[in-house]
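Accompanying notes for the structure given below.
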Amino acid sequence: MIIDWIDIPKVKNPKGNIAILEGDTLPFEVRRVYYLYDVPSGARRGGHAHKTLQQVLIAVSGSFDVVLKNGKTTQRITLNRPDKGLIISHNTWRELENFSSGAVCLVLASEPYDETEYIRSYKEFLKFIS
Ligand code: T46
């Protein structure tokens, strides 16, 4: 099983909800935050793995699909709830697609950006994890 979730604690209110990420809600210390937005319909993101980076993806608005591969199993999941975080550990190939209009993918990452830590070829990925 590749898919692993975090239920993000929230304070519900008829005037609107608050989802809170603090303390040990996440399985790692957050060292970078970024988000994908204005993704055109039909665009595909990802298509790579990380050697060490861990991330949590949250659909803070709209929806999109994430395909995860570990070399043995492929799983597809739709992210469409701002109170659910998808944990993607290192050594996991990810592809993001089917972004709805207005979708925002918030990403909490365990490390600063480092291009040398990406594996952008699926062939290399299979070699790396074998
Ligand atoms: C991931 C998915 C969900 C930076 O300069 N700093 C950054 O922190 C990031 C994330 C990207 N960039 C640069 C590197 C490329 O020149 O932005 C450009 C686009 O990056 P990339 O093609 O990697 O974007 P995505 O959406 O395919 O992937 C990103 C993350 O890179 C990746 O770790 O898991 O979002």
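Numbers here simply count residues along the sequence, with the first being 1. For ligands, and for the atoms within them, numbers begin at 1 and follow the listed sequence.
- Counting only heavy atoms, the protein never gets under 4.0 Å from atom 16 (O) of ligand 1.
- Annotation: side chain to side chain contact (heavy atoms under 4.5 Å, CB included) contacts of Arg76 (sequence neighbours excluded): Asp65, Val67, Glu97, Asn98.
- Considering only non-hydrogen protein atoms, atom 29 (C) of ligand 1 sits nearest to Tyr34 OH, 3.8 Å.
- Ligand 1 has no nitrogen or oxygen under 3.5 angstrom from a nitrogen or oxygen of Tyr113.
- Looking at Val56 and Ile88, their side chains never come closer than 4.5 Å, going by heavy atoms from C-beta outward.
- When only interatomic distances are considered, the shortest N/O to N/O separation between Glu115 and ligand 1 does not fall below 3.5 Å.
- Proximity of a side-chain donor or acceptor of Arg32 to a complementary backbone N or O of Val30 within less than 3.5 Å is not detected.
- A side-chain donor-acceptor contact under 3.5 Å links Thr52 and Glu117.
- Listed by number with element, the atoms of ligand 1 under 4.0 angstrom from any heavy atom of Leu36 are 26 (O).
- Between the side chain of Gln55 and the backbone N or O of Val107 there is no donor-acceptor pair closer than 3.5 Å.
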Query raised in the report: Do Tyr118 and Tyr113 pass the ring pair (Phe, Tyr, Trp, His ring centres under 6.0 Å) test, and can you show the C-alpha distance, the side-chain angles, and the key distance before you say yes or no?
Result: CA-CA 10 Å; Tyr118 281 69; Tyr113 175 70; 5.8 Å; yes

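- In this structure, Lys69 is positioned above the aromatic face of Tyr122, its NZ or CZ under 6.0 Å from the six-membered ring centre and within 45° of the axis.
- The residue among His48, Arg45, Arg120 with a heavy atom at the shortest distance from atom 28 (O) of ligand 1 is His48.
- The closest approach between any non-hydrogen atom of Glu111 and ligand 1 is not below 4.0 Å.
- For Pro27 against Ile87, the heavy-atom pair with the smallest separation is CG-CD1, 4.1 Å.
- Judged by distance alone, with hydrogens and angles left aside, the side-chain atoms of Ser63 form no donor-acceptor pair with the main-chain N or O of Asn80 at under 3.5 Å.
- Residue, atom and distance of the protein heavy atom nearest to atom 33 (O) of ligand 1 are His50 NE2, 2.7 Å.
- Less than 4.0 angstrom separates atom 7 (C) of ligand 1 from at least one non-hydrogen atom of the protein.
- Considering both main-chain and side-chain atoms, Leu57 never comes within under 3.5 Å of ligand 1 through any nitrogen or oxygen pair.
- Tyr118 OH, 2.5 Å is the protein heavy atom nearest to atom 31 (O) of ligand 1.
- The ligand atoms of ligand 1 that sit less than 4.0 angstrom from a heavy atom of Gly46 are 25 (P), 27 (O).
- Of all the atoms in ligand 1, the ones that sit under 4.0 Å from a non-hydrogen atom of Arg32 are 7 (C), 8 (O), 9 (C), 10 (C).
- Protein heavy atom nearest atom 34 (O) of ligand 1, with residue, atom name and distance: Gln55 NE2, 2.7 Å.
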